[in-house]
Amino acid sequence: MPTPSSFAIAGAGLAGSLLAWRLLETANRPIRVTLFEKGDLSQPRSAAYTAAAMISPLSEVVVSERAIYDMGMHSLQLWPKWLSTLNQHSAKPVLYNNQGSLVVAHPSDESELEQFAQDLRYHLGDSNTAQWLNRNELTTYEPDLNPHFNRGLLLPDEAFLDNRQLLHNLHQRIIALGGSIQDNTSITFTPEPQREGRPLAGYDCTIDARGTGAKQSQAVRGVRGEVLWVQTPEVTLKHAVRLMHPRYKLYIVPKPNNSFIVGATEIESQDSSPVSVQSMMELCSALYTLNPAFAEARIIELDANLRPSYMDNMPAITWHKSGNSVSINGLYRHGYLLAPHLIENLLGQLS
Ligand SMILES: Cc1cc2nc3c(=O)[nH]c(=O)nc-3n(C[C@H](O)[C@H](O)[C@H](O)COP(=O)(O)OP(=O)(O)OC[C@H]3O[C@@H](n4cnc5c(N)ncnc54)[C@H](O)[C@@H]3O)c2cc1C
């Protein structure tokens with residue numbers, strides 16, 4: 001394929017929006033980019049919008065392939081540079097916190113924490129940067145955590161960002177750079193790209209970034225995740241915190257306006273119906289044990305969504321036979337962890 005100069009991208013979630021922006025921001029020749037989104041952007045339904053947006057290569061290496069860690073460490077280098085560029089042009093910058101995450105366990109579950117630390121040593125060897133914190137150090141790092149935690153692990157090479165602001169700023173910047181976004185517009189691949197049953201003409205290259213929306217034409221499945229948003233001025237957290245527990249592993253990530261996103265569940269199900277009572281009870285009770293002041297927090301949102309995943313839970317960039325269309329999918333629970341690495345890789349193939 002000659003170097004393309006016009007791009008149609010299907011899906012304005014994480015992969016599609018980041019790709020559209022990077023194409024426009026880094027172009028050294030005139031290009032045309034249109035981002036098509038099936039849903040209404042005023043009511044986003046992408047996994048990218050639901051996500052907690054942790055960038056956590058260490059936490060993931062114990063349950064994933066080593067390649068996920070390597071790609072994640074590369075993304076961890078790219079995010080601050082990319083956000084610095086994006087923030088220069090945005091009315092409200094995207095919050096990016098790279099102070100690391102904390103992992104704790106209640107005294108009765110400390111074997112879970114020890115096992116996690118051993119797994120990290122096993123998978124990372126000399127690259128393991130995790131540090132043990134004693135009770136006093138833990139209190140210094142995170143004064144609002146329940147003081148009954150005897151110790152914790154600091155994972156310095158981890159970050160999180162404000163994903164909803166990111167998506168908003170990306171879409172604004174795409175338009176400012178001359179790109180166009182058409183929401184309420186579904187693109188199908190049969191395998192040629194079609195819009196409302198007609199061939200999508202006029203583009204040199206079409207990119208399928210539909211996440212679980214691609215499951216009719218690709219072997220993509222959805223893996224359900226449920227999250228709870230709470231808001232309280234009574235608790236301040238500076239880090240993403242993970243709570244090790246024999247049955248479920250909870251994470252809590254601070255978000256703007258005294259709010260927090262809390263999640264735990266990963267369910268092998270394509271069901272994107274609302275959060276179950278059991279999940280909510282587990283999330284709330286675990287949250288309460290991190291700091292009893294969460295009892296007075298207000299539940300401001302409950303959300304469930306599907307993570308787009310291939311059978312091996314690895315991401316893939318796949319060129320279609322026609323040679324001028326390509327899919328990027330399978331980001332699973334690693335979209336924020338892996339997207340910059342994958343987008344940079346795809347940009348290299350498109351230039
Ligand atoms: C509860 C939860 C928590 C998560 N937490 C994290 C985390 O902490 N860290 C992390 O790295 N990852 C996390 N993830 C995973 C991350 O959100 C996904 O990996 C990522 O969003 C996948 O990006 P994507 O662009 O492939 O899909 P999406 O973000 O889902 O975007 C796909 C877009 O395509 C659109 N679309 C679908 N069909 C069509 C069509 N026919 N035509 C046009 N558009 C279409 C959809 O409406 C959607 O907007 C989490 C996911 C969930 C559900």
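Whatever order the structure lists them in is the order used to number ligands and atoms, beginning at 1. On a predicted model such as this, the values are computed, not experimentally measured, just so you know.
- Here the protein heavy atom with the shortest distance to atom 18 (C) of ligand 1 is Tyr332 O, 3.5 Å.
- The atoms of ligand 1 that sit less than 4.0 Å from any heavy atom of Phe36 are 43 (C), 44 (N).
- A continuous path of hydrophobic side-chain contacts links Leu250 to Phe149 [ILVMFWY only; heavy atoms under 4.5 Å].
- Scanning the protein for heavy atoms near atom 25 (O) of ligand 1, the closest one is Ala15 N, 2.9 Å.
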Please test Phe294 against Asp144 for side-chain contact (heavy atoms from CB on, under 4.5 Å), starting from the C-alpha separation and ending with a verdict.
-> CA-CA 11 Å; Phe294 275 119; Asp144 278 2; over 6 Å; no
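- Between Gly335 and ligand 1, at least one N/O pair is under 3.5 Å apart.
- Of all protein heavy atoms, the one lying nearest to atom 46 (C) of ligand 1 is Glu37 OE2, 3.5 Å.
- Nearest to atom 29 (O) of ligand 1 among the protein's heavy atoms is Ala48 N, 3.0 Å.
- Here's the thing with Leu14: one of its N/O atoms is less than 3.5 angstrom from an N/O atom of ligand 1.
- With atom 27 (O) of ligand 1 as the reference point, the heavy atom nearest to it among Gly72, Ser59, Gly211, Gly11 is part of Gly211.
- Distance from atom 5 (N) of ligand 1 to its nearest protein heavy atom, with residue and atom name: Ala52 N, 3.3 Å.
- Within ligand 1, counting atoms from 1 as listed, the ones closer than 4.0 Å to a heavy atom of Leu337 are 11 (O).
- Each of the atoms 6 (C), 7 (C), 8 (O) of ligand 1 lies under 4.0 Å from some heavy atom of Ala53.
- Residue contact check for ligand 1: Val223 places no non-hydrogen atom closer than 4.0 Å to it.
- Atom 44 (N) of ligand 1 has its closest protein heavy atom at Lys38 N, 3.1 Å.
- Taking atom 10 (C) of ligand 1 as the reference point, the nearest protein heavy-atom neighbour is Arg333 O, 3.2 Å.
- Ligand 1 does not have Thr188 within reach: every non-hydrogen atom of the residue lies 4.0 Å or more from it.
- Annotation for ligand 1: atoms under 4.0 Å from non-hydrogen atoms of Thr185 are 42 (N), 43 (C).
- In this structure, Ala209 has a heavy atom closer than 4.0 Å to ligand 1.
- For ligand 1 and Gly213, the ligand atoms under 4.0 Å from any heavy atom of the residue are 37 (C), 38 (N).
- Under the 4.0 angstrom criterion for non-hydrogen atoms, Arg45 is not in contact with ligand 1.
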Test Leu155 against Ser59 for side-chain contact (heavy atoms from CB on, under 4.5 Å), laying out the working first.
-> CA-CA 8 Å; Leu155 310 181; Ser59 303; 3.4 Å; yes
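- Applying the 4.0 Å criterion to heavy atoms of Tyr251 picks out, from ligand 1, the atoms 3 (C).
- Between His334 and Glu60, the side chains place a donor N or O and an acceptor N or O closer than 3.5 Å (distance only, hydrogens not considered).
- Under a 4.0 angstrom heavy-atom cut-off, Phe160 registers as lying outside contact with ligand 1.
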